[in-house]
Amino acid sequence: MAVLSRIDADSAEPIARRVFRVLRAAIVSMQFRPGQALSEQEIADQLGVSRQPVREAFIKLSEAGLLTIRPQRGTFVVKISVKQVLDARFVREAVELAVVRKSCETITPAGIATLRGLIAAQRETAEDPAPDRFLELDEAFHRAIADAADCDYAWRIVEETKAQMDRVRYLSLPHATPLKRLIAQHEAVAEAIAARDPARAEAAMGLHLREILTSLPELATRFPDLFHDDGTAAPAAAPARPASRGRSGGRRVA
């Protein structure tokens, strides 16, 4: 089992919430592999907490679709479901396209500077073989757009639905998706927002969020032991979208 760092006893955040975050990160980053059995007591010992917050975190992770709790048999990391990945991507795109459109109206100069600063930090990670830091910055980028649009609740919806997507994204970075491509897509989104061009921003965000459709088939084939056979075939490729002219005169993919 993965070795986890002890929980900070001085933090004001509730212990169960901190345990949940630590375990979710370990599952997403494949420290806990799909199909692996988890022990409440072992995790509690590693984190330096009682079993109660671990049990609460297990329940929340089960509700998020990352763990399955089988009475008298144990708790197991759920294998990746292609159907759940596709469902989460659909929901995430619907929410984030609305958010990015609103951000074009409400973002401040400071908000634009934040997006550009996050992209600059992402460029510094482009040659790092470990994707963890990029994923943190990627999350911060999307969250910053939601903050700029004053859409905290919408972002919470995205966070709750994208757990399965996050595991595929983690796998895709070293194996299927070049970081430089994702950074270029972030740049396109940020510059469209800075230009206050909602049609271009929406198109750029849609293209970015459909990137997972390109990597998913390759990953499902390369790592069959990590995926649950739920009868849903991974798409052969990201669906082609007809190009049209956005209001700014540039090419639009939407």
Side-chain angles (χ1 to χ4, degrees), residues 24-34 65-66 79-97 99-100 115-116 118-145 158-159 161-192 201-228 232-241 243 251 253-254:
R24 185 187 188 283
I27 294 170
V28 167
S29 64
M30 299 293 168
Q31 294 179 66
F32 293 147
R33 306 286 283 182
L66 292 175
K79 291 192 175 186
I80 300 169
S81 162
V82 170
K83 182 179 187 305
Q84 288 184 18
V85 171
L86 296 177
D87 287 348
R89 189 215 63 82
F90 180 85
V91 172
R92 181 173 187 180
E93 181 172 329
V95 174
E96 288 211 57
L97 293 193
V99 169
V100 78
L115 295 181
R116 289 172 171 161
L118 288 167
I119 291 170
Q122 290 169 15
R123 290 195 198 99
E124 296 176 0
T125 72
E127 304 303 328
D128 188 344
D132 302 75
R133 177 57 179 158
F134 175 82
L135 285 173
E136 291 176 6
L137 293 166
D138 175 82
E139 190 94 350
F141 178 80
H142 287 267
R143 176 61 189 260
I145 294 172
V158 169
E159 283 187 311
T161 60
K162 70 186 184 69
Q164 294 279 21
M165 280 185 71
D166 284 346
R167 292 201 287 178
V168 173
R169 289 169 59 238
Y170 188 92
L171 275 178
S172 74
L173 294 185
H175 298 294
T177 306
L179 287 184
K180 291 181 179 179
R181 181 190 301 166
L182 298 178
I183 294 168
Q185 291 171 356
H186 284 169
E187 288 178 322
V189 171
E191 293 312 308
E202 196 176 86
M205 180 64 82
L207 180 65
H208 174 56
L209 294 177
R210 287 191 293 273
E211 185 67 38
I212 197 170
L213 298 179
T214 300
S215 61
L216 185 57
E218 179 181 343
L219 294 169
T221 299
R222 184 180 296 189
F223 303 105
D225 56 315
L226 303 183
F227 285 80
H228 168 61
T232 302
R241 296 288 186 118
R251 300 293 288 177
V253 182

**Prompt:** Taking side chain as C-beta onward, heavy atoms only, is Leu86 less than 4.5 Å from Leu213?
**Reply:** yes
**Message:** I want to check something: taking the side chain as every heavy atom from C-beta on, are Arg89 and Arg210 in contact at a cut-off of under 4.5 Å?
**Reply:** yes
**Close side-chain approach of Arg123 to Ile119, heavy-atom, < 4.5 Å** = yes
**Request:** Could you tell me the separation between the NE2 atom of His208 and the CD1 atom of Ile183, rounded to the nearest 0.5 Å?
**Result:** 10.5 Å
**Message:** Between Glu159 and Glu139, does the side chain to side chain contact (heavy atoms under 4.5 Å, CB included) criterion hold? Intermediate values first, please.
**Reply:** CA-CA 10 Å; Glu159 283 187 311; Glu139 190 94 350; 4.1 Å; yes
**Leu219 and Ile80, any side-chain heavy atoms less than 4.5 Å apart** = no
**Fill in**
In terms of heavy-atom contacts, Leu115 and Ala190 come closest through CB-CB, 4.3 Å
**Request:** Check step by step if side chain to side chain contact (heavy atoms under 4.5 Å, CB included) holds for Met165 and Gln84.
**Result:** CA-CA 8 Å; Met165 280 185 71; Gln84 288 184 18; over 6 Å; no
**Asked** Side-chain contact, heavy-atom cut-off 4.5 Å: Glu93 with Met205?
**Response** no
**Prompt:** How long is the span from the CG atom in Leu209 to the CD atom in Glu96, to the nearest 0.5 Å?
**Reply:** 5.0 Å
**Request:** Check Arg33 against Leu226 and note the closest heavy-atom contact, atom names and distance.
**Result:** NH2-CD2, 3.7 Å
**Request:** Find the distance between NE2 (His186) and CG (Leu118) and round it off to the nearest 0.5 Å.
**Result:** 9.5 Å
**Close side-chain approach of Arg24 and Ile27, heavy atoms under 4.5 Å** = no
**Asked** Only one of Arg167, Arg92, His142 forms a side chain to side chain contact (heavy atoms under 4.5 Å, CB included) with Lys162, so which one is it?
**Response** Arg92
**Prompt:** Do Thr177 and Thr214 have side chains that get closer than 4.5 Å, going by heavy atoms?
**Reply:** no
**Message:** Distance check, rounded to the nearest 0.5 Å: Phe134 atom CZ versus Arg169 atom CZ?
**Reply:** 7.5 Å
**Request:** Measure across Leu173 and Pro131 and return the closest heavy-atom pair with its distance rounded to 0.1 Å.
**Result:** CD1-CB, 3.4 Å
**Partner set under side chain to side chain donor-acceptor pair (under 3.5 Å) for Glu218, not counting sequence neighbours** = Arg222
**Message:** According to side chain to side chain donor-acceptor pair (under 3.5 Å), who are the partners of Ser215, at least two apart in sequence or on a separate chain?
**Reply:** none
**Message:** Quick check against the 3.5 Å criterion: does Gln122 have a side-chain atom that pairs as donor or acceptor with the backbone of Leu137?
**Reply:** yes
**Student check: side-chain heavy atoms of Leu216 and Phe227 closer than 4.5 Å** = yes
**Request:** Report the C-alpha distance between Thr161 and Val95 in whole Å, list the side-chain angles of each, state the deciding distance to 0.1 Å, and finish with yes or no for side chain to side chain contact (heavy atoms under 4.5 Å, CB included).
**Result:** CA-CA 11 Å; Thr161 60; Val95 174; over 6 Å; no
**Pairwise distance CZ(Arg133) to CD(Glu124) - rounded to 0.5 angstrom** = 9.0 Å
**Asked** Which heavy-atom pair separates Lys180 from Ala126 by the least distance, and what is that distance?
**Response** CG-CB, 4.3 Å
**Ser172 vs Ile212, side chain to side chain contact (heavy atoms under 4.5 Å, CB included): CA-CA, chis, key distance, verdict** = CA-CA 8 Å; Ser172 74; Ile212 197 170; over 6 Å; no
